[in-house]
Amino acid sequence: MASMFCKGTDLAEVPAIMASSLVYVFLYAYNIDIANNIAGSIEDEINKPDRPIAAKTMSLNAAKTRYFVSTAAYILYSYYTHVLQWSLLWIITIFSSYMLHTSKFGPTKDLSMSLGTVAQLMAAWELGGSPSDRGQDWVKTVSIGVFFTVSIQDFRDVPGDLASGRLTMPILLGDPLGRTYAVLGLIIFQPCPTA
């Protein structure tokens with residue numbers, strides 16, 4: 001278990017590191033999930049009708065309140081845990097995706113997911129007690145792989161994405177070429193950092 005953490009980490013610190021990381025991950029995930037539910041209400045009625053806003057189990061105003069409260073908690077907790085820069089990258093990525101609508105265009109949507117991967121993995125690396133420079137090669141490799149493969153999830157959502165005006169990679173490239181693009185991404189960008 002200690003091998004997961006920076007060399008020299010005291011085993012007595014491991015439970016605190018794990019607890020701190022779990023709180024951070026919850027806030028990270030909750031923040032994007034609420035933002036996604038707010039922004040995706042039109043397509044969710046078609047693609048994912050069981051989501052809270054689409055299913056009418058949460059109002060749009062309640063979701064917005066939760067988003068602002070969770071964002072404030074996320075910023076404060078990130079400051080406390082010394083990973084604020086990565087959380088700010090995540091918040092800016094969410095803002096550009098849902099307020100500036102960069103998530104409506106395939107390449108910028110995929111870039112947002114790639115930047116989100118950087119934000120998540122670098123914060124996790126630092127929360128685990130390792131210096132950030134040791135994880136940069138790994139994070140860079142994974143985030144590039146995410147950019148070229150994240151569109152795989154969009155194949156199931158084409159009807160709702162079309163209805164909401166979103167142009168994901170499967171829509172831009174078409175089904176056969178889009179699948180070829182995703183498969184080539186899986187093959188070419190296998191994680192192989194030298195760190």
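Being a predicted model, the structure only gives us computed values, none of them experimental.
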For Ser112, check side chain to side chain contact (heavy atoms under 4.5 Å, CB included) against everything at least two apart and list the hits.
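Checked Ser112 against side chain to side chain contact (heavy atoms under 4.5 Å, CB included); matches are Thr93, Ser96, Ser97, Thr102.
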
Side chain to side chain contact (heavy atoms under 4.5 Å, CB included) against Leu172, all qualifying residues, sequence neighbours excluded
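So Leu172 forms a side chain to side chain contact (heavy atoms under 4.5 Å, CB included) with Phe105, Pro107, Leu167, Met169.
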
Contacts table for residues 51-61: side-chain donor-acceptor under 3.5 angstrom, sequence neighbours left out:
| residue | atom | partner | partner atom | Å |
| --- | --- | --- | --- | --- |
| Arg51 | NH1 | Asn36 | OD1 | 2.6 |
| Arg51 | NH1 | Asp44 | OD1 | 3.4 |
| Arg51 | NH1 | Asp44 | OD2 | 3.4 |
| Thr57 | OG1 | Pro52 | O | 3.2 |
| Ser59 | OG | Ala62 | N | 3.0 |

[atom2] on [Y] to [atom1] on [X], rounded to 0.5 Å:
X	Y	atom1	atom2	value
Leu173	Thr168	CG	OG1	9.0 Å
Leu115	Ser143	CG	OG	8.0 Å
Trp90	Ile32	CH2	CD1	4.0 Å

same_hphob_cluster([X], [Y]) at 4.5 Å side-chain heavy-atom cutoff:
X	Y	value
Ile94	Phe26	yes
Tyr80	Leu22	no
Val83	Tyr79	yes

Ring pair (Phe, Tyr, Trp, His ring centres under 6.0 Å) involving [X] - partner list, sequence neighbours excluded:
X	result
Phe155	none
Tyr98	none
Tyr181	none

Qualifying salt bridge (charged side-chain N to carboxylate O under 4.0 Å, His left out) pairs with a residue from residues 162-175, counting only residues at least two apart or across chains
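Residue pairs passing salt bridge (charged side-chain N to carboxylate O under 4.0 Å, His left out), neighbours aside: Glu43-Arg166, Asp161-Arg166, Asp175-Arg179.
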
Given Thr117 and Val139, is the side chain to side chain contact (heavy atoms under 4.5 Å, CB included) satisfied, shown in steps?
CA-CA 8 Å; Thr117 300; Val139 171; 5.8 Å; no

For the residue pair [X] and [Y], what are the closest heavy atoms and their distance?
X	Y	result
Asn31	Ser70	ND2-OG, 3.4 Å
Leu27	Ala73	CD1-O, 4.0 Å
Ile75	Ile91	CG1-CD1, 3.4 Å

Apart from Met99 itself, what residues make up its hydrophobic cluster when side-chain heavy atoms of I, L, V, M, F, W and Y under 4.5 Å apart count as a link, directly or indirectly?
Phe95, Leu100

If you link I, L, V, M, F, W and Y whenever their side-chain heavy atoms are under 4.5 Å apart, who else ends up in the same group as Ile92?
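Ile92 clusters with nothing; isolated.
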
From CA spacing to verdict: side chain to side chain contact (heavy atoms under 4.5 Å, CB included), Trp125, Gln136
CA-CA 9 Å; Trp125 192 268; Gln136 288 176 355; over 6 Å; no

Inter- and intrachain pairs under side chain to side chain donor-acceptor pair (under 3.5 Å), touching residues 16-25, at least two apart:
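For residues 16-25, and leaving out neighbouring residues, the side chain to side chain donor-acceptor pair (under 3.5 Å) pairs sorted by first residue read Ser20-Tyr77, Tyr24-Tyr74, Tyr24-Ser87.
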
Would you please name every residue forming a salt bridge (charged side-chain N to carboxylate O under 4.0 Å, His left out) with Lys109, sequence neighbours left out?
Asp154

How would you list, by chain and number, every residue that makes a salt bridge (charged side-chain N to carboxylate O under 4.0 Å, His left out) with Lys48, sequence neighbours excluded?
Asp157

Would you confirm whether Trp86, through its side chain, and Gln120, through its main-chain N or O, come within 3.5 Å as a donor-acceptor pair?
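No, Trp86 side chain to Gln120 backbone: no donor-acceptor pair under 3.5 Å.
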
Going by atom types alone, do Ser151 and Asp110 pair a side-chain donor with an acceptor below 3.5 Å?
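Asp110 and Ser151 do not have a side-chain donor-acceptor pair below 3.5 Å.
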
